[in-house]
Amino acid sequence: MECSILFVSCRSAVIRCFDGGLYHIQKPYRILLNGCECGTAEKTITSLYGLWPDTDYTAQLMDGETVTASVSFRTKEESVTLNVRRFGAVGDGVHDDTMAIQTAITCCPEKGRVLIPRGTYSVRPLFLKSHITVEWAEGAEMKLCTDRWQFPILPGTVESTDETRDYNYGSWEGNPLDMFAAALTGVEVEDVALIGPGLIDGQAQKSDWWMDRHIRRGAWRPRLLFLCRCRDITVQGLSFCNSPAWNLHPYFSQNLSFLDLSVSAPADSPNTDGFDPESCTNVTVAGVHFSLGDDCIAIKSGKIYMGARFQQPCENITISHCLMENGHGGVTAGSEMAGGVRNVRVQHCLMRNTDRGLRVKTRRGRGKDGVIDDIVFDHVQMDHVGAPFVVNCLYFCDPDGRTPWVQSREKQPVDDGTPRIGRIVFKHVQAENCGACAGYFLGLPEQPIESVTLEDSAFTFDPNAKPFEPAMAWGVEACVGRGIIAQYVDTINLRRVTIDAPEKLEPTEVQHINWEE
């Protein structure tokens, strides 16, 4: 058993208990904290709460009376705790507690903690402040207002006084557009911890957010958490549900950790992606349970305007020990990726009942900076996933997505609008009960996918699966029980790969195939 510390705040900590398990550890262990019983570890990523600031702790994992692992840490200092009840919050689910909680956040000094105790708090959007901790205690539920006209708006662009530049606050699907503020919004804040184990409920099912989803009314739909140009942020132990749109959306931010969370929405809810980092750097996602109506994780970097202007890729992303269920994709790159996506590691994750495992979406027009490269899946298990791996360079998004120029299988000129797919690697992947195919790789005729590598992996198929279209592009037929379908790929490397399908590899316009049994 390996045991290590991922995060420590003034009142909480996150430990990683690794015994070979993915989301769950292989057996539960009792936890002793400084010799006292402190609960049970059942997940690889486990949170500890109720700690005292500036104090030394040793956590021991017990198998019966045997210590299997231990780790020591010291909690951070805390200047003061501000209980929102002292600022007028009622917590009865009826009274509007927005101003009371916002006042506590605004008044909180550096190294202070805002405590939201047990209760149900009805709120409109709240805005964060640097150098503080906000804690939702066990039994604390924050429910978002259902009337959109009570929300402030974050403008997409605001021109500077000297008219030489503009400021960007709002965003919608890769463009700088007006959006309603999130339940929790941070703009240029740093050194913030948002800790649980409470609940943030967007209540979208009780409002009109999911109706006429493609129509803008007042502004575009809000998130539950939006971080704009922030840094050094940790979100730990919280549950997020029923978001009006994307759940967690960090934007042009860096040094972010999302640990031991639950993110959920009904399977038929529109655009309720779980976690969408956009043009962010150094992001850790560990121990998160996703169950959603859209992609579990979607890594983005804007459409062509934002990508070409800022040239800020989404990079250095580590995703581990997550459980991804009931979404369109487990981990998606794109389709808004004109600034590029690179250096993504997906490790020790479990995906169940998603349409796809890895889903790469791009198209002509995403731009020369829209490079997706160095994506690695390692030790990932899938069960009842329609198509474990899909790379689609002819994704028919946007108003012009179904035009002959975007969808043509004829070579087009390579220009400033041509995106590129570099190296993608899958290692130690076990995919059971696949549906349509083991993998579907569709490059551009003029810019083939550079390299796809599969190693030490196995794929079996669900005998009761129904035909399914693995990629959203013209000419992609519904299929079932097929192997790896590849078109417009430069190099495919297969090493010790077993595929329980009649045709293990169906290549078209593939330049190099290296197959090692």
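Just so you know, these numbers come straight off a predicted model, no measurement behind them.
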Side chains of residues 109-117: which donor-acceptor partners sit under 3.5 Å, not counting sequence neighbours?
{"residue": "Lys111", "atom": "NZ", "partner": "Glu77", "partner atom": "OE1", "Å": "3.4"}
{"residue": "Arg113", "atom": "NE", "partner": "Thr81", "partner atom": "OG1", "Å": "3.0"}
{"residue": "Arg113", "atom": "NH1", "partner": "Glu135", "partner atom": "OE1", "Å": "2.6"}
{"residue": "Arg113", "atom": "NH2", "partner": "Thr81", "partner atom": "OG1", "Å": "3.1"}

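- Screening residues 234-251 for salt bridge (charged side-chain N to carboxylate O under 4.0 Å, His left out) gives no qualifying pairs among residues at least two apart or on separate chains.
- No donor-acceptor pair closer than 3.5 Å links the side chain of Asp383 to the backbone N or O of Val385.
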Stepwise side chain to side chain contact (heavy atoms under 4.5 Å, CB included) test for Phe377 and Val331 = CA-CA 10 Å; Phe377 270 47; Val331 176; 4.1 Å; yes
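- Thr55 contributes a side-chain N or O that, together with a main-chain N or O of Pro53, makes up a donor-acceptor pair within less than 3.5 Å.
- In this structure the side chain of Met179 reaches within 4.5 angstrom of the side chain of Arg223, judged on heavy atoms.
- Sorted by first and then second residue, the salt bridge (charged side-chain N to carboxylate O under 4.0 Å, His left out) pairs involving residues 171-181 (not counting sequence neighbours) are Asp178-Arg216.
- The aromatic rings of His379 and His428 sit parallel, their planes meeting at an angle under 30°, below the 60° perpendicular limit.
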What's the verdict on side-chain hydrogen bond (donor to acceptor under 3.5 Å, both in side chains) for Asp276 and His249, showing C-alpha distance, side-chain angles and the deciding distance? CA-CA 5 Å; Asp276 287 26; His249 183 197; over 6 Å; no
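- In this model, a donor atom of one side chain and an acceptor atom of the other lie less than 3.5 Å apart for His131 and Asp191.
- Other residues, nucleotides and ligands contribute only 12 or fewer heavy atoms inside 6.0 Å of the NZ atom of Lys76.
- With hydrogens and angles left out, the side-chain atoms of Ser9 and Gln236 include no donor and acceptor closer than 3.5 Å.
- Aromatic ring centroids of Trp246 and Tyr251 lie 6.0 Å or more apart.
- Within 6.0 Å of CZ on Arg86 lie no more than 12 heavy atoms contributed by other residues, nucleotides or ligands.
- Side-chain contact check for Phe459 versus Pro388: some heavy-atom pair is nearer than 4.5 Å.
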Got a list of side-chain donor-acceptor pairs under 3.5 Å for residues 196-206, not counting sequence neighbours?
{"residue": "Asp201", "atom": "OD1", "partner": "Gln203", "partner atom": "N", "Å": "2.9"}
{"residue": "Asp201", "atom": "OD1", "partner": "Asn242", "partner atom": "ND2", "Å": "3.3"}
{"residue": "Asp201", "atom": "OD2", "partner": "Lys143", "partner atom": "NZ", "Å": "3.1"}
{"residue": "Gln203", "atom": "NE2", "partner": "Leu144", "partner atom": "O", "Å": "2.8"}

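- Contact detail for Val192 and Ser130: the closest heavy-atom pair is CG2-CA, 4.0 Å.
- With sequence neighbours left out, Glu188 forms a side chain to side chain contact (heavy atoms under 4.5 Å, CB included) with Arg229.
- Under the 4.5 Å side-chain criterion, counting only non-hydrogen atoms from C-beta, Gln347 is in contact with Thr318.
- Under the salt bridge (Lys or Arg N to Asp or Glu O under 4.0 Å) test applied with Asp295, the options Arg356, Lys300, Arg359 reduce to a single match, Arg359.
- When atom types are taken as modelled, the side chain of Ser301 and the backbone of Gly340 share a donor-acceptor pair closer than 3.5 angstrom.
- Checked against ring-ring contact (aromatic ring centres under 6.0 Å, His included), Tyr57 has the following partners two or more places apart in sequence or in another chain: Phe73.
- Between Cys397 and Arg363 there is a side-chain heavy-atom pair separated by less than 4.5 Å.
- Taking the side chain as every heavy atom from C-beta outward, Trp210 and Arg221 approach each other to under 4.5 Å.
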| message | Apply side chain to side chain contact (heavy atoms under 4.5 Å, CB included) to residues Leu184 and Val134 and explain how you reach the verdict. | response | CA-CA 11 Å; Leu184 299 170; Val134 184; over 6 Å; no
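- Rounding to the nearest 0.5 Å gives a distance of 4.5 Å between CG of Leu61 and SG of Cys17.
- Nearest heavy-atom pair across Val285 and Cys322 is CG1-SG, 3.9 Å.
- Residues Phe180 and Pro244 are not in side-chain contact: their nearest non-hydrogen atoms beyond the backbone lie 4.5 Å or more apart.
- Here the side chain of Ser253 pairs a donor or acceptor atom with the backbone of Cys230 at under 3.5 angstrom.
- Take Arg213 and apply the salt bridge (charged side-chain N to carboxylate O under 4.0 Å, His left out) test, not counting sequence neighbours, and it matches no residue.
- Asp92 pairs by the salt bridge (charged side-chain N to carboxylate O under 4.0 Å, His left out) definition with nothing, not counting sequence neighbours.
- Applying the ring-ring contact (aromatic ring centres under 6.0 Å, His included) rule to Phe468 yields no partners; only residues at least two apart in sequence or on another chain are considered.
- Panel note: side chain Asp462, backbone Cys434; no donor-acceptor pair is recorded below 3.5 Å.
- Between the side chain of His321 and the backbone N or O of Leu22 there is at least one donor-acceptor pair closer than 3.5 Å.
- Panel note: side chain Lys43, backbone Gly287; no donor-acceptor pair is recorded below 3.5 Å.
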TODO: Evaluate the criterion side chain to side chain contact (heavy atoms under 4.5 Å, CB included) for residue pair Lys427 and Val376; output intermediate values, then yes/no.
DONE: CA-CA 8 Å; Lys427 301 186 294 184; Val376 179; 4.2 Å; yes
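- With sequence neighbours left out, the side chain to side chain contact (heavy atoms under 4.5 Å, CB included) criterion links Gln312 to Phe252, Ser279, Thr281, Phe310, Glu315.
- Within 6.0 Å of the CE atom in Met1, the count of heavy atoms belonging to other residues, nucleotides or ligands exceeds 12.
- Within a 6.0 Å radius of CH2 in Trp149, other residues, nucleotides and ligands contribute more than 12 heavy atoms.
- Taking the ring centroids of Trp209 and Phe151, they lie under the 6.0 Å cut-off.
- For the pair Leu358 and Val346, the minimum side-chain heavy-atom distance is 4.5 Å or more.
- Counting only distance, with no hydrogens or angles, the side chain of Asn175 and the backbone of Leu177 share no donor-acceptor pair below 3.5 Å.
- We find the OG1-CE distance between Thr332 and Met337 to be 12.5 Å, quoted to the nearest 0.5 Å.
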Before giving the answer on side chain to side chain contact (heavy atoms under 4.5 Å, CB included), spell out for Leu126 and Met142 the whole-Å C-alpha distance, their side-chain angles and the decisive distance to 0.1 Å. CA-CA 11 Å; Leu126 298 168; Met142 197 172 82; 3.6 Å; yes
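- Residue pairs that meet the salt bridge (charged side-chain N to carboxylate O under 4.0 Å, His left out) test with at least one member in residues 9-26, sequence neighbours left out, are Glu2-Arg16, Arg11-Glu78.
- Applying the side chain to side chain donor-acceptor pair (under 3.5 Å) rule to Asn392 yields no partners; only residues at least two apart in sequence or on another chain are considered.
- Of all non-hydrogen atoms in Ala478 and Pro467, the two that sit nearest each other are CB-CB, 3.9 Å.
- Formation of a donor-acceptor pair under 3.5 Å by the Asn247 side chain with backbone atoms of Asp273 is found in this model.
- Contact check for Phe127 versus Pro152: side-chain heavy atoms found under the 4.5 Å cut-off.
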